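These figures come from a predicted structure and were not determined experimentally.
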Amino acid sequence: MTTDNDPTAHAEVNTIREACRRLHTFDLSGCVIYSSSEPCPMCLGAIYWARIGRIYYGNTRKDVGNVGFADDFIYEELDKKMEDRSVPIIPLLHDEALHTFQLWKEKEDKIEY
């Protein structure tokens, strides 16, 4: 992460990307992932999107927080109502966004995910 100045370059995300490249698929059903700690919310989301079936980890998110990472803070933020979060989340162009999703839904040559 710090080497590439990329906050998304967590080991789990990099591992998922590499596995998908090697296996030529975005569906990692039947795979497992090992992590030094309980995955952060971003990594957990990526694990779910990849359909990985099991997660093994060492340290808890509380342990990670004790060494200065924000994992637990982000989990706490996700539990809050959107209007109570520290970063404003503002709806924008809802009708236009719905139209875009409708176009996707009607697209006949899409790759289902």
message: For the residue pair Ser29 / Asp27, report whether a side-chain donor-acceptor contact shorter than 3.5 Å exists.
response: yes
Does [X] share a hydrophobic cluster with [Y], counting links as ILVMFWY side-chain heavy atoms below 4.5 Å and allowing steps through other members?
X     : Y     : value
Tyr75 : Ile55 : yes
Ile33 : Leu44 : yes
Ile16 : Met42 : no
Leu92 : Met82 : no

message: If you define the side chain from C-beta out and look only at heavy atoms, does anything of His94 sit under 4.5 Å from Leu98?
response: yes
task: May I have the step-by-step check of side chain to side chain contact (heavy atoms under 4.5 Å, CB included) for His99 and Asp95, ending in yes or no?
output: CA-CA 6 Å; His99 177 70; Asp95 290 339; over 6 Å; no
Atom pair CG/OG of Asn59 and Ser36 - distance to nearest 0.5 Å: 6.5 Å
- line: CD1 (Ile52) and CD1 (Ile47) are apart, to the nearest 0.5 Å, by 5.5 Å
message: Go through it in stages, so that I can follow the logic: the residues are Arg17 and Thr8, the test is side chain to side chain contact (heavy atoms under 4.5 Å, CB included), and I'd like the CA-CA distance, side-chain angles, deciding distance and then a yes or no.
response: CA-CA 11 Å; Arg17 288 175 180 156; Thr8 68; 3.8 Å; yes
message: Quick check on side chain to side chain contact (heavy atoms under 4.5 Å, CB included): which of Thr60, Asp63, Val64 does Ser37 satisfy it with?
response: Val64
- request: For the pair Arg61 (side chain) and Asp72 (backbone), establish whether a donor and an acceptor sit closer than 3.5 Å, ignoring hydrogens and angles.
  value: no
- prompt: Could you walk me through whether Leu23 and Cys31 pass the side chain to side chain contact (heavy atoms under 4.5 Å, CB included) check?
  reply: CA-CA 11 Å; Leu23 298 173; Cys31 293; 4.3 Å; yes
message: Is it true that, when you exclude Arg54 itself, more than 12 heavy atoms of the residues, nucleotides or ligands shown sit nearer than 6.0 Å to its CZ?
response: no
Atom OH of Tyr48: over 12 foreign heavy atoms under 6.0 Å: no
statement: Of Glu83, Glu76, Glu77, the one forming a salt bridge (charged side-chain N to carboxylate O under 4.0 Å, His left out) with Lys80 is Glu77
Please give me the minimum heavy-atom distance between [X] and [Y], naming the atom from each residue.
X      : Y      : answer
Lys110 : Lys105 : NZ-O, 2.8 Å
Phe26  : Glu112 : CZ-O, 3.5 Å
Glu12  : Pro39  : OE2-CA, 3.9 Å

